[in-house]
Participant: 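After the structure tokens below, expect a handful of questions from me.
Order of the sequence lines sets the chain letters (A, B, ...), proteins ahead of strands, with each chain counted from 1.
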2 protein chains.
Amino acid sequence: MGVGESAVAETGARLRTRRAILDAAVTALIRNSSATLADIAVEANVGRTTVHRYFPERSDLLGAIGTDFLDKIEQATTRARLEEGSAPEALRRLCQEYFEFGDLFTLTFAMPELATGPEWEQDTDADRAVVALIERGHAQGTVDAGMAPAWVQQVLWSLLFTAWAYVRENSVPKHEALNLCLRSLAKMVSP
Amino acid sequence: MGVGESAVAETGARLRTRRAILDAAVTALIRNSSATLADIAVEANVGRTTVHRYFPERSDLLGAIGTDFLDKIEQATTRARLEEGSAPEALRRLCQEYFEFGDLFTLTFAMPELATGPEWEQDTDADRAVVALIERGHAQGTVDAGMAPAWVQQVLWSLLFTAWAYVRENSVPKHEALNLCLRSLAKMVSP
DNA sequence: CCCTAGTGGAACATCCGTGCTCCATTTCAG
DNA sequence: CTGAAATGGAGCACGGATGTTCCACTAGGG
């Protein structure tokens, strides 16, 4: 390979394999939070050796899952356009955007170690945007002033987790859980 | 030992040791959900041998934690006297009773395997009492009919989890988190 | 006071996940 | 078609947790 290989974009095949392993890891770890690298390899239809090639140590894989999640959160937050409309409306859009990552929220609750490391220590842009949104709601009187931004944010996350658990355990259609989630959140923040 | 020893009440010392190990296990597992039996023994100020004497296999210990939790839930539910007063008032009492077990809720979220086994499969008396409470609220118009009993129950659990996480991560006094929890729940169920 | 239940510690075999190496095979781009 | 890239599989060493046994010790109840 040429000089500076580490900075060069990876070939298509490598990217695809990497994604497959990452996704398989999430699936396997949700099923059993102490899933083996061998389990993950099977889930990804890949040899265990290949997993080690992409993620030398287990912690590398876990870290990559966390970083990937962080990226998705960031993008979803952008898509929600939190500056537009009333605060409750924006919060509703955010909840809808986050909802599709429900399995990742579930995994993060079960494996707090995923959410460790430098990137998780400091506030992300998404964090700041959400806090700003709640504060805007406070200022405009559309969000209950008694509900602190950090509290609302944490409840949002755990409501998403709850919604997915509700779907799994009660075999309820996803949209129904999402609706309960949206309604519950709206009622909670309403002044 | 005499005939029927297994049915005989254990001596005081044994009961105390058993309790110590159980409590230490919860503490150690909250700190690190993959804590070693050796870690737990240290936390309990007990030899690892002793742990094995009380719980031959690791799964025995985990199972005992789950069963113990189930007992506590049961007792707390009884104390809350769910039949008395309006449904929202009773729900508030229930939340207050459950709140003290916050660490156990946290642990159960992180280790779903604690909540497996026959006792967890079927509905407990506590489950039925809570469902009946919500339904009473529906009938009397004091609880939003759109909030299904199972949903309310699950949200209650996750709000308790959230409240404790909120305390840990934002170094907020417990009573403040409890208040947020109670207010949030009350607003969600209000019609 | 005594003795017995209860305990602590050391030592041991075992199992399992991990990280690594080597080599044969497949795949894909030029 | 050809060679480099990518993969899969077997094998191996290592570490750490587990479960078990044995023995010495201590504390507390009769």
Participant: Could you identify which residues of residues 28-47 of chain B place a heavy atom less than 4.0 Å from some atom of DNA chain C, listed by residue number, or say none?
Facilitator: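 Residues of residues 28-47 of chain B that come under 4.0 Å of DNA chain C are, in numerical order, B/Asn45, B/Val46, B/Gly47.
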Participant: What distance separates B/His138 NE2 from B/Asp144 CG, expressed to the nearest 0.5 Å?
Facilitator: 6.5 Å
Participant: What's the CZ-P distance between B/Arg16 and D/dA27, to the nearest Å?
Facilitator: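 Nearest whole value for this atom pair: 13 Å.
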Participant: Hey, what's the ring geometry for B/Phe105 with B/Phe69, parallel, tilted or perpendicular (30° and 60° as the breaks)?
Facilitator: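 Perpendicular, since the angle between the ring planes exceeds 60°.
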Participant: Evaluate ring-ring contact (aromatic ring centres under 6.0 Å, His included) for A/Phe161 paired with A/Phe109, printing each intermediate quantity in order.
Facilitator: CA-CA 8 Å; A/Phe161 165 81; A/Phe109 277 96; 4.7 Å; yes
Participant: Do the side chains of A/Arg16 and A/Arg19 get nearer than 4.5 Å, heavy atoms only?
Facilitator: no
Participant: In whole Å, I'd like the distance from the CZ atom of A/Arg18 to the C1' atom of D/dA6.
Facilitator: 16 Å
Participant: Using only modelled atom types and a 3.5 angstrom limit, is any donor from either the side chain of A/Thr50 or the base of D/dG8 paired with an acceptor on the other?
Facilitator: no
Participant: Between P on C/dG6 and OH on B/Tyr54, what's the gap in Å once rounded to a whole number?
Facilitator: 7 Å
Participant: Hey, does B/Arg48 reach any base, or is it just sugar-phosphate, or nothing, if we go heavy atoms under 4.0 Å?
Facilitator: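 Base, at least one base heavy atom under 4.0 Å.
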Participant: When you measure only distances, ignoring hydrogens and angles, does the side chain of A/Arg53 come within 3.5 Å of the base of D/dG8 through a donor and an acceptor?
Facilitator: yes
Participant: Given C/dA10, is OP1 or OP2 found less than 4.0 Å from the side-chain N or O atoms of B/Thr49?
Facilitator: no
Participant: Could you list the donor-acceptor pairs under 3.5 angstrom formed between side-chain atoms of residues 165-177 of chain B and any protein atom two or more places apart in sequence or on another chain?
Facilitator:
unit_1	atom_1	unit_2	atom_2	d
B/Glu169	OE1	A/Gln154	NE2	3.1

Participant: What residues, two or more places apart in sequence or in another chain, satisfy ring pair (Phe, Tyr, Trp, His ring centres under 6.0 Å) together with A/Phe99?
Facilitator: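 A/Trp164.
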